[in-house]
Amino acid sequence: MNLQLQVARPYDFARSVRDYGWIALAPVRWLDELNALRRVERLDTGKVVVLHVTGHEAAEAVTLRIDVQTNGKLTRREQEEIRRKVRWMLKLDEDLSEFYQACASDAALWEKLKTGRGRLLRSPTLFEDVVKTICTTNTTWSQTKGMVERIVRFLGDPFPGDPELHAFPTPEQILAGEALFKDKIRLGYRNDYVLQLAREVVEKGRDLEALKTSGLPAAEMRRELKRIKGIGDYAASTLLMSLGYYDSIAVDTEVRALVVKKYFNGHKPTDKEIAAVYDHWGKWKYLAYWFDSA
DNA sequence: TTCCAGGGGTAGA
DNA sequence: TCTACCCATGGA
């Protein structure tokens with residue numbers, strides 16, 4: 001069966017879902033031959049489905065088609081859950097019009113964004129984004145992909161129609177798989193961070209997902225995120241971006257490399273000088289940086 | 001072997 | 001608030 005979503009233009013589906021590295025992390029994949037985003041998803045009922053999302057241009061809007069592979073019928077509630085999760089993953093409900101306006105006065109940036117980019121991919125749950133972000137710290141991208149792939153393969157529910165495909169595990173499933181972390185999943189010292197977070201969610205009722213709609217001011221949200229063991233300044237900024245707060249940039253090795261090369265040819269700037277490059281973008285700093293480097 | 005990758009926790013100042 | 005040191009893992 002398939003479900004549909006309408007998105008106001010401008011919206012560049014194929015570019016948007018690939019603009020952020022999350023497109024390469026299980027259980028998400030981009031299928032070139034179909035121009036589709038594929039995601040294996042475990043629904044609240046426990047049913048595992050495979051989603052193929054494709055974009056279709058029309059005059060006034062873009063239609064997203066979600067083809068759902070499933071065993072048996074989907075209830076109305078399950079269909080709504082899928083729509084809700086896809087809307088969240090693709091950030092379809094964020095209003096970027098103010099950002100686009102600001103970009104219009106920057107020719108180079110506007111050239112990249114005018115087709116409707118800027119909605120960077122995220123995960124249906126904040127829990128998944130936190131785990132993935134922990135897997136990006138102090139390691140290489142290829143190792144990050146391996147870590148996430150192993151978490152999904154060893155702990156996530158398989159799709160009945162193809163046991164090679166797995167969903168992202170719930171906190172409960174991560175906790176239940178504790179014994180596999182050291183020898184199979186191998187996140188190094190990150191094992192303890194992921195397990196501790198899962199334990200807090202499962203056993204202490206820590207409600208990460210409530211943060212998504214809390215509307216907390218950025219500073220308080222950052223404080224909340226940094227209460228998670230393993231989340232420091234870089235990871236908090238990454239997660240703030242995921243949650244739709246774009247007013248801070250984590251000056252990490254990537255940002256440093258881009259800014260030094262592009263704006264400071266020669267002398268070595270401090271992190272404050274680097275951050276100041278994007279100051280005039282106000283609440284849109286992260287997106288301005290992101291597409292400056294894109 | 002040694003270094004280090006889109007860092008973070010901790011102890012000690 | 002700042003610094004030094006440690007942290008598993010695997011590729012270069």
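Protein chains get the first letters and strands the later ones, always in sequence-line order, with residue 1 at the start of each. Because only heavy atoms are used, hydrogens play no part in the values below, and waters and symmetry mates are left out as well, while side chains stay in.
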Distance-only check: which donor-acceptor pairs under 3.5 Å involve side-chain atoms of residues 161-169 of chain A, not counting sequence neighbours?
| from | atom 1 | to | atom 2 | distance (Å) |
| --- | --- | --- | --- | --- |
| Asp162(A) | OD1 | Glu164(A) | N | 3.0 |
| His166(A) | ND1 | Gly156(A) | O | 2.8 |
| His166(A) | NE2 | Pro163(A) | O | 3.1 |

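- Under the rule for a ring-ring contact (aromatic ring centres under 6.0 Å, His included), the partners of Tyr20(A) that lie at least two apart in sequence or sit in another chain are Trp22(A), Trp290(A).
- The ring pair (Phe, Tyr, Trp, His ring centres under 6.0 Å) pairs that include a residue from residues 36-93 of chain A number zero, where partners must be two or more places apart or lie in different chains.
- Residue-level contact check: Lys226(A) touches neither bases nor backbone, having no heavy atom under 4.0 Å from any strand.
- Using a 4.0 Å cutoff on non-hydrogen atoms, the parts of residues 185-196 of chain A near DNA chain C are Arg186(A), Gly188(A), Tyr189(A), Arg190(A), ordered by number.
- Among pairs with a residue in residues 47-56 of chain A, those fulfilling salt bridge (Lys or Arg N to Asp or Glu O under 4.0 Å) read Lys47(A)-Glu78(A), at least two apart in sequence or across chains.
- Atom NZ in Lys182(A) sits about 11 Å away from atom C1' in dT9(C), given to the nearest Å.
- Annotation: salt bridge (Lys or Arg N to Asp or Glu O under 4.0 Å) contacts involving residues 4-15 of chain A, sequence neighbours excluded, comprise Arg9(A)-Glu57(A).
- For the pair Leu120(A) CG and dG6(B) P, the computed distance is 19 Å after rounding to whole Å.
- Here Phe13(A) pairs with nothing under the ring-ring contact (aromatic ring centres under 6.0 Å, His included) rule; sequence neighbours left out.
- The interatomic distance linking Ile228(A) (CD1) with dG9(B) (P) rounds to 10 Å, in whole Å.
- The interatomic distance linking Asp292(A) (CG) with dG6(B) (C1') rounds to 16 Å, in whole Å.
- Against DNA chain C, the stretch residues 122-147 of chain A makes heavy-atom approaches under 4.0 Å through Asn138(A), Gln143(A).
- Comparing Tyr289(A) and Ile231(A) by the nucleotide of DNA chain B whose heavy atom lies nearest to each, the residue mapping closer to the 5' end is Tyr289(A).
- Evaluation of the side-chain hydrogen bond (donor to acceptor under 3.5 Å, both in side chains) test over residues 175-184 of chain A, restricted to residues two or more places apart or in two chains, returns Glu178(A)-Arg199(A).
- A gap of 16 Å separates the C1' atoms of dC4(B) and dG8(B), to the nearest Å.
- Closest approach of Leu92(A) to Arg119(A), counting heavy atoms only: O-NH1, 3.8 Å.
- Among the atoms of the strands shown, none is found under 4.0 Å from any heavy atom of Trp22(A).
- The side chain to side chain contact (heavy atoms under 4.5 Å, CB included) check on Gln143(A) picks up Thr139(A), Thr140(A), Met147(A), with sequence neighbours excluded.
- When the C1' atom is compared between dA8(C) and dC3(B), the two are found 15 Å apart, to the nearest whole Å.
- Residue Ala235(A) is classed as a sugar-phosphate contact, given heavy-atom separations below 4.0 Å to backbone atoms only.
- Counting to the nearest Å, the C1' atom of dT1(C) and the NZ atom of Lys272(A) are 11 Å from each other.
- Heavy atoms from other residues, nucleotides or ligands lying under 6.0 Å from CD of Glu111(A) number 12 at most.
- Think of Leu31(A) as one node in a network of Ile, Leu, Val, Met, Phe, Trp and Tyr side chains linked at under 4.5 Å; its network also takes in Leu34(A).
- Salt-bridge check for Glu80(A) with Arg77(A): failed, with every basic side-chain N at 4.0 Å or more from each acidic carboxylate O.
- Computed from coordinates, the Lys184(A) NZ to dA8(C) P distance equals 20 Å when rounded to whole Å.
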Polar-atom pairs under 3.5 Å, protein N or O versus N or O of nucleotides 10-13 of chain B: list them with distances, or write none.
| from | atom 1 | to | atom 2 | distance (Å) |
| --- | --- | --- | --- | --- |
| dT10(B) | OP1 | Lys229(A) | NZ | 3.3 |

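- Taking atom P in both dG6(B) and dC7(C), one finds a spacing of 22 Å when rounded to whole Å.
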